[in-house]
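Below you'll find the structure, written out as structure tokens, and then a few comments.
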Amino acid sequence: MPELPEVETVRRGLEPFMAGARVKKLDLRRDGLRFPFPPDFAARIEGRRLTGLGRRAKYLRASIESGETLIMHLGMSGSFRVEDGGGSATPGAFHHERGKLAAHDHVVFVLDNGKQIVFNDPRRFGFMDLVRSSELDSCAHFHKMGVEPLGNAFDAQILAEKFAGRKTPLKAALLDQSLVAGLGNIYVCEALHRTGLSPRRAARTLADRKGRATPKAAALASNIRDVLNQAIASGGSSLRDHRLTDGSLGYFQHNFRVYDREGEQCPTVKCGGVIRRMVQSGRSTFYCPNCQK
DNA sequence: AAGCGAACCTGGCTGC
DNA sequence: TGCAGCCAGGTTCGCT
């Protein structure tokens with residue numbers, strides 16, 4: 001499901017309830033998701049206060065007053081929802097006595113503010129992990145991670161430097177999380193179309209002989225920022241699984257120009273091309289062969 | 001080193 | 001109605 005805009009949408013939905021709340025109970029409905037939960041997972045969180053909820057690329061990061069950080073990834077089909085919890089301070093008045101859990105509800109955070117946060121993930125490609133907060137950026141999940149596309153460091157020059165010398169197609173380079181972190185299949189297709197760049201073009205062509213950014217690199221960096229910000233403002237894209245934490249749907253999918261629009265007219269003014277689908281490194285790429293060069 | 005394809009898992013849709 | 005086949009927003013592993 002989720003690329004950067006969807007994860008950011010989830011973060012904004014969860015933050016008002018999670019940040020500052022104490023976890024009364026962490027209910028694990030199975031032994032793990034994509035990976036087993038870390039040792040003593042529930043015990044390291046229960047009774048502790050969450051001090052903030054951040055995001056890096058497609059990862060959510062909840063800091064805990066213990067000095068650890070809870071890392072959460074939604075995989076392809078993960079979602080969170082916020083519910084009213086036991087409704088009282090009565091010990092044991094937890095969700096599972098209220099019969100509200102659905103299929104694939106794997107993790108429930110029961111909070112001291114009367115809310116409970118439920119993680120649902122049918123495909124179980126998501127995962128959760130705990131690391132020392134002081135080692136967050138050097139831990140296995142993040143130490144090789146590329147530049148944050150909505151961060152201050154992201155611009156045409158860093159894009160050119162990352163892509164310099166790479167023969168791999170632009171589509172694959174933009175999906176490589178060790179170069180730019182947070183883009184996925186949808187927003188790569190959309191950003192390339194907005195920039196008039198072919199997904200097949202070699203990544204190194206965005207740098208000139210001296211390694212400087214070409215005008216196309218500048219336009220691509222700008223379009224990446226724009227499409228991500230516009231998607232966040234729309235609550236992300238809901239194709240099948242993505243939901244906001246209040247259960248509502250994102251609506252940026254109505255603004256797709258090429259993704260999942262094979263056979264439709266290219267929306268570029270005066271282009272007249274037809275959107276096509278091809279497969280690159282096992283993933284669908286949607287593009288206009290007429291205006292993307 | 002870089003660049004593919006396969007694997008992980010479930011559900012929804014299409015076509016016979 | 002049933003069933004086989006294909007497809008899906010991500011990441012990681014293993015083989016060229």
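Both backbone and side-chain heavy atoms feed into the values below; hydrogens, waters and symmetry mates do not. Lettering of chains follows the sequences in order, A, B, ..., and the numbering in each one begins at 1. From a predicted model like this one, the values you see are computed outputs, not experimental measurements.
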- Message: Over all strands shown, is A:Ser178 touching base, sugar-phosphate only, or nothing at heavy-atom distances under 4.0 angstrom?
- Response: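 Nothing, no heavy atom under 4.0 Å.
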- Query: Counting any heavy atom closer than 4.0 Å, what does A:Phe252 reach on the DNA or RNA strands: base, sugar-phosphate only, or nothing?
  - Reply: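 No contact.
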Looking only at the side chain of [X] (C-beta and beyond, no hydrogens), which of the listed nucleotides [options] gets closest?
X: A:Arg123; options: B:dC4, B:dT10, C:dT12; answer: B:dT10
X: A:Arg124; options: B:dC4, C:dT11, B:dC9; answer: B:dC9
X: A:Tyr59; options: C:dT11, C:dA8, B:dC9; answer: C:dT11
X: A:Arg283; options: B:dG3, C:dG10, C:dT12; answer: C:dG10
X: A:Arg277; options: C:dG10, C:dC7, B:dG3; answer: C:dC7
X: A:His104; options: B:dT10, C:dG10, C:dT11; answer: B:dT10

- Ring centres under 6.0 angstrom apart (A:Tyr59, A:Phe142):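 For A:Tyr59 and A:Phe142, the ring centres are under 6.0 Å apart.
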- Query: Do the ring planes of A:Tyr259 and A:Phe256 sit parallel (below 30°), tilted (30 to 60°) or perpendicular (above 60°)?
  - Reply: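 Plane angle over 60°, so perpendicular.
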- Passing option when A:Asn185 is tested against A:Glu190, A:Glu3, A:Lys171 for side chain to side chain donor-acceptor pair (under 3.5 Å):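 Answer after filtering A:Glu190, A:Glu3, A:Lys171: A:Lys171.
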Whether [X] contacts [N] is assessed here as follows: a side-chain N or O lying under 4.0 Å from the phosphate OP1 or OP2. Is that the case?
X: A:Arg34; N: C:dT12; result: no
X: A:His73; N: C:dG10; result: no
X: A:Lys167; N: B:dG3; result: no
X: A:Ser284; N: C:dA8; result: yes

- Message: Is a donor from one side chain sitting under 3.5 angstrom from an acceptor on the other, for A:Arg61 and A:Thr69?
- Response: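 Note: A:Arg61 and A:Thr69 side chains miss the donor-acceptor criterion.
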- Roughly how far apart, to the nearest Å, are B:dA1 and C:dT11 at atom P?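 Result for the P pair: 22 Å, nearest Å.
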- Indicate whether A:Phe125 forms a stack on B:dC8; treat it as stacked only if centroid distance is below 5.5 angstrom and interplanar angle below 30 degrees.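 So A:Phe125 counts as stacking on the base.
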- salt bridge (Lys or Arg N to Asp or Glu O under 4.0 Å) partner of A:Glu148, the single match among A:Arg56, A:Arg225, A:Lys58: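 With A:Glu148 as partner, A:Arg56, A:Arg225, A:Lys58 yield a single salt bridge (Lys or Arg N to Asp or Glu O under 4.0 Å), made by A:Arg56.
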- Query: Rounded to whole angstrom units, what separation is found between the CG atom of A:Asp260 and the P atom of B:dC13?
  - Reply: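 To the nearest whole Å, that distance equals 13 Å.
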- Message: Only pairs with both distances under 3.5 Å count, Watson-Crick or wobble alike; so what is the partner of B:dT10 in this structure?
- Response: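 With both distances under 3.5 Å, B:dT10 matches C:dA8.
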